[in-house]
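One-based numbering, in listed order, for ligands and for the atoms of each.
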Amino acid sequence: MKKIAVLGSSGSIGQSTLSVIRNFPQQFKVEALSVNSDILQLKQQIEEFKPRLVCVRDKYAAAKLGSGLSSSTKVFCGEDGLIEMVRDSRIDLVMFAITGSAALGPLLSAIKSGKDIALANKEALVMAGPLLMRLARKYKANILPVDSEQSAIWQSLGNNCKADVRKIYLTASGGPLKNMPAGQFKKVSLDKVLRHPRWKMGKKISVDSASLMNKGLELLEAMFLFDLRAENVEVLIHPEAIIHSMVEFNDGVIMAQLSAADMRIPIQYALSYPDRLANRFPGINFYRLNKMHFEKPDFKKFPCLSLAYQAARQLGTMPAVLNAANEISVNNFLNKRIDFLSIPKIVEKVMRRHSNTDNPDLSDILAADSWARVEAACMCG
Ligand code: MG
């Protein structure tokens, strides 16, 4: 029985994780849950899964949880509480389904406790990938990717050695604005941006998918997870979202991972690894699918992707700056303070003003992150 902590249990990935766990009561037990502030949902989840530990990140929301809980449930709150909770010796695997850089502190804590880590959060890895991977090796913490593309690369690599890899094809559905003329981007509505054609997701990642920044973050994520260079990762638009990424080896053989576009599939694999558990999720009907399409991404129309490649070649603190400037811009777009086209413009300006630090330590990364947040916030007005 694997004892699992689900961080960000009220979000899209968190809920899908709980639905996978619900299917396998013999294999998995929910040991801990955390939410940012959604107390109502947390209460329902506590009732169903009876975790021993829970954490509410928002201290005001945490105060509302107190009454009505059984005394056997231990309640943590705030970032410090989350950092402490993930260290608990009875937790085997921590699912990181928190969005944004807020995952970094708890992730460092879980790595240093040598936990298995199912990683759905990409921002922490983008900020501090080389450092996190180094620590994971040191503390023997397994990082199991949950993002569908990274899971596909992981599964396609199999037991092959990294030296045999020629290239990664990182596939992208193209997002909700793929067929919209660039001239209409300035006035595109929030509603349209949030309506993804293939995946149901949280708001931040939906905006990132529309700007293709999501693919840019995944480029960095893949480089750090699998120790690759930017020039070995090629983004490939594949609107059907059936192939979730491919690995081309030196002998010209390409391995791909295919499945329905359902996040429960990569989530389940990260939880059950190295086993595969039988499920009843939808499969692929090749007769109905009939065709699959591939095209080159339009870097002019989606400048966020070029900016991510630029950060991927520069490395150092630049990926953290790209990520922070993007997070602030996306927040401001969600609050309708800036338009869609301002997102790449602000990210580019902040990157241009940054003096990069090579081989950064954690304090360099955190300093670059806060600097970029302040810069981006000023530009949002
Ligand atoms: Mg993805």
Side-chain angles (χ1 to χ4, degrees), residues 8 11-17 20 95-101 103 117-127 129 143-157 168-178 193-226 228 230 233-247 256-271 281 292 294 297 302 304-305 307-309 311-312 319 322-323 326-327 330:
S12 166
I13 297 285
Q15 290 182 39
S16 297
T17 303
V20 168
M95 162 63 78
F96 277 86
I98 308 172
T99 25
S101 52
I117 290 162
L119 191 59
N121 173 283
K122 52 190 79 168
E123 289 87 350
L125 196 61
V126 166
M127 284 172 77
I143 297 194
L144 314 162
V146 171
D147 198 357
S148 61
E149 293 77 2
Q150 315 304 339
S151 179
I153 296 168
W154 178 37
Q155 295 181 61
S156 300
L157 279 170
I168 302 290
Y169 288 100
L170 186 66
T171 56
S173 69
L177 308 184
K178 182 178 156 312
V193 168
L194 294 181
R195 223 177 295 137
H196 196 275
R198 298 282 167 207
W199 298 96
K200 224 177 113 266
M201 305 178 290
K203 281 185 183 172
K204 157 77 169 51
I205 187 170
S206 294
V207 177
D208 286 345
S209 297
S211 68
L212 293 199
M213 183 58 98
N214 182 52
K215 215 43 60 177
L217 297 178
E218 286 175 0
L219 153 74
L220 287 150
E221 197 184 10
M223 286 169 60
F224 299 145
L225 279 172
F226 307 110
L228 302 162
V233 184
E234 189 172 323
V235 172
L236 184 63
I237 304 291
H238 164 45
E240 290 84 4
I242 293 290
I243 297 177
H244 298 296
S245 280
M246 305 186 259
V247 177
Q257 185 260 348
L258 290 71
S259 64
D262 185 328
M263 278 311 292
R264 290 174 302 173
I265 297 171
I267 289 170
Q268 183 184 306
Y269 188 62
L271 299 187
F281 298 157
M292 291 201 277
F294 303 97
F302 297 102
C304 283
L305 192 55
L307 293 169
Y309 265 101
L322 168 97
N323 174 65
N326 181 60
E327 241 180 87
V330 170

Quick one, L217 and L322 - any side-chain contact, counting heavy atoms below 4.5 Å? yes
Taken in chain and number order and not counting sequence neighbours, the residues that satisfy ring-ring contact (aromatic ring centres under 6.0 Å, His included) with F281 are none
Check for me: within less than 2.8 Å of the Mg ion (ligand 1), which protein N/O/S atoms show up? D147 OD1, E149 OE1, E218 OE2
Salt-bridged, K122 to E218, with N to O below 4.0 Å? yes
Would you say N121's side chain and G100's backbone share a donor-acceptor pair under 3.5 angstrom? yes
How about N323 and L220: do any of their side-chain heavy atoms sit closer than 4.5 Å? no
Where do S259 and H244 land on the side chain to side chain donor-acceptor pair (under 3.5 Å) test, with the steps shown first? CA-CA 8 Å; S259 64; H244 298 296; 3.2 Å; yes
